[in-house]
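Order of the sequence lines sets the chain letters (A, B, ...), proteins ahead of strands, with each chain counted from 1.
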Amino acid sequence: MDITTKMPHQSWGQKYHIKTLSLVLLTVGLVLLSAQVSGVDLAMFFTNIDQFTNLLVRMSHPDWAYVTIIWQPILETLQMAIIGTTIGTLFAVPFAFLAASNIVKNSWLHGLVRFFLDLVRTLPDLLLAAIFVAVFGIGSTAGVVTLAIFSFGMISKLFYEVIETIDDGPIEAMESVGANKLQVVHMAVLPQVLNPFISYFLYTLEINVRASTVLGYLGAGGIGVYLQRSLNEFDYSQTAAIIIMTLVVVLVINVLSDYLRERLV
Amino acid sequence: MEAKSIIEFKDVNKIYDNGTVGLKDINLTVQPGEFLVVVGLSGAGKSTLMRTINQMHRPSSGSVLVDGVEVTDLKGRALRELRRKVGMIFQNFNLVKRTTVEHNVLSGKISYYPTWKSLLNLYTKADKLQAAEALDRVNLLEKLYMRADQLSGGQQQRVAIARTLMQDPKIILADEPIASLDPLTTRAVMNDLKKLNQEDGITVVVNLHSVPLALEYADRIVGMRAGQLVYDEPINRVTESDLNAIYQSV
């Protein structure tokens, strides 16, 4: 007998991937629509591109002597990122556990915690920096506080999602042994989440090194202050030196954290 | 005269929030030192029955007595003390794979420790020795410092048995302990359970799918179907055709 007569019926939609196709079309349509509504002019991008090359030419002679002046603020940027990420992470860990639905079974409680975390995450880091520069004055304190809050929002979300993906078996086993809540978390949850936690911490640190460069632009300390100064003075050879140095630092951090993550997982 | 029972179900019902009937009118008495095997199709309520004993599931009505204590309304510390007396073995072993065998075995003792001590992993010398002894009883002492995920399935299940031993349990509940094991390791695990039953007098309740294994190891066999007890006989009166009847679809 012909096998095709015995095969289960495949719906028309399934056969021609109607769902996928219509989603793609919808997405493309929305992108075009939003470009039109917001007045994005693609033509301008091509007509003005010579301005860009002009800038690149002026940056093509980095002022290498300037490096001796900027390595200190670059180091400060790095320190800001490390301190800010660490503080943010320390606060994020307990909140991540409270927000995880497999740890806190009460949906009101973890819903409330999540709402709070969402609120924190909606605050743009530039806005935070502007506020804290006004509060603490120009300098790295404002930068550290900004990065701490920014990392808190980001890490707490990444962490609680990790916690929710763990194998529930060991939790059940620890409950059956008569462990209390803290003991369950310590014995059954922590060993499962520690490596992804460290991995996400390093990832956030990477992001913060880049972010803190921009924050300095608002007066929150670090290399950004120098970046702003050189741009204001149209001293593009200094700008180039700063960009290259920042790139080097970011690359080193990336390589280091990649290496650490590989070793840990 | 009948000896004091260790587990007693009186008119126990369990209806899940979605309306599914888990248990229906369960009346069951288990004597100390019995090796009880519960058989039945998947979804017949075997796991639910088992989990009402250590109150991982709360029954909707009825009463469950464990070692003379009504357990259905236990909370907090009293509930944890009940669970300490009742060891549990799972189909998927439920070890913490990223940590050592020793740590996994010691975790069976955790309810005896104040929280701060357990958070700092401050286990006593005596407990560490007991962990080694427990592991020795399941013939895995040489794996003491290995990571749990380096062990085979059968070995992991026996580490889980050693973890249960650390509780000094009066009852061991084993929920399909051999469902994910090969025939050879199945035998090792079942033999370990039988040994604890005979040498230590621990009451053992095992959920099984295998009729031959049930006949070989049980003192008494209970059959379940659709949340109800449909069979209950001591081993010398059980016939293989009885058991096969439990597995017939309704």
Side-chain angles (χ1 to χ4, degrees), chain A residues 89-90 93-98 100-111 158-159 161-202 260-265, chain B residues 47 50-51 53-57 74 76-100 103-121 147-149 156 159-160 163-167 169 171-175:
Chain A
T89 306
L90 288 179
V93 169
F95 279 90
F97 278 102
L98 289 176
S101 58
N102 53 347
I103 305 293
V104 174
K105 294 274 158 53
N106 184 329
S107 57
W108 278 100
L109 182 54
H110 74 240
L158 291 170
F159 278 18
E161 282 179 352
V162 166
I163 297 171
E164 287 188 344
T165 58
I166 63 166
D167 173 15
D168 284 340
I171 297 181
E172 194 186 18
M174 281 302 102
E175 280 171 355
S176 83
V177 184
N180 64 34
K181 202 84 203 178
L182 270 175
Q183 289 172 325
V184 170
V185 168
H186 169 67
M187 300 296 290
V189 185
L190 271 187
Q192 293 194 66
V193 297
L194 205 57
N195 281 0
F197 273 19
I198 293 171
S199 176
Y200 278 134
F201 171 80
L202 291 170
L260 282 175
R261 267 184 280 183
E262 240 166 71
R263 289 292 300 272
L264 285 167
V265 178
Chain B
S47 293
M50 184 162 275
R51 282 172 169 72
I53 296 171
N54 63 356
Q55 293 292 299
M56 301 287 276
H57 284 338
L74 291 183
R77 175 177 293 273
L79 177 62
R80 295 200 296 273
E81 272 165 16
L82 159 75
R83 287 179 178 168
R84 177 193 291 177
K85 284 193 291 194
V86 184
M88 194 161 194
I89 312 276
F90 305 86
Q91 178 179 344
N92 300 318
F93 329 133
N94 291 354
L95 299 184
V96 180
K97 297 213 178 75
R98 284 173 174 276
T99 183
T100 61
H103 202 70
N104 269 292
V105 176
L106 279 168
S107 72
K109 206 81 186 179
I110 199 166
S111 68
Y112 291 87
Y113 282 86
T115 307
W116 70 271
K117 269 193 180 170
S118 66
L119 292 189
L120 297 171
N121 296 330
R147 255 171 67 138
D149 53 9
Q156 289 192 30
V159 171
R163 171 174 69 192
T164 303
L165 274 179
M166 290 300 284
Q167 294 172 246
I171 303 168
I172 291 180
L173 309 172
D175 191 11

Applying a strict 4.5 Å limit to non-hydrogen atoms, the region of N92(B) in contact with chain A is neither

Counting heavy-atom pairs under 4.5 Å with chain A, the top scorer among N94(B), N104(B), N121(B) is N94(B)

- prompt: Are a donor atom and an acceptor atom from the side chains of D175(B) and S47(B) found within less than 3.5 Å of each other?
  reply: yes

Whatever's closer than 4.5 Å to a heavy atom in chain A on R163(B) counts as side chain

Across all chains, not counting sequence neighbours, the side-chain contact (heavy atoms from CB on, under 4.5 Å) partners of S118(B) are Q183(A), I110(B), Y113(B)

- So, does E164(A) use its side chain to make a donor-acceptor pair with the main chain of A100(A) at under 3.5 Å? no

Counting heavy-atom pairs under 4.5 Å with chain A, the top scorer among T115(B), N54(B), T164(B), T99(B) is T115(B)

*Can you find a pair of side-chain heavy atoms, one from Q192(A) and one from V162(A), that are under 4.5 Å apart?*
no

If one checks every heavy atom of L95(B) against chain A at 4.5 Å, the contacting part turns out to be backbone

Check: E81(B)/S111(B) side-chain N/O donor and acceptor closer than 3.5 Å: no

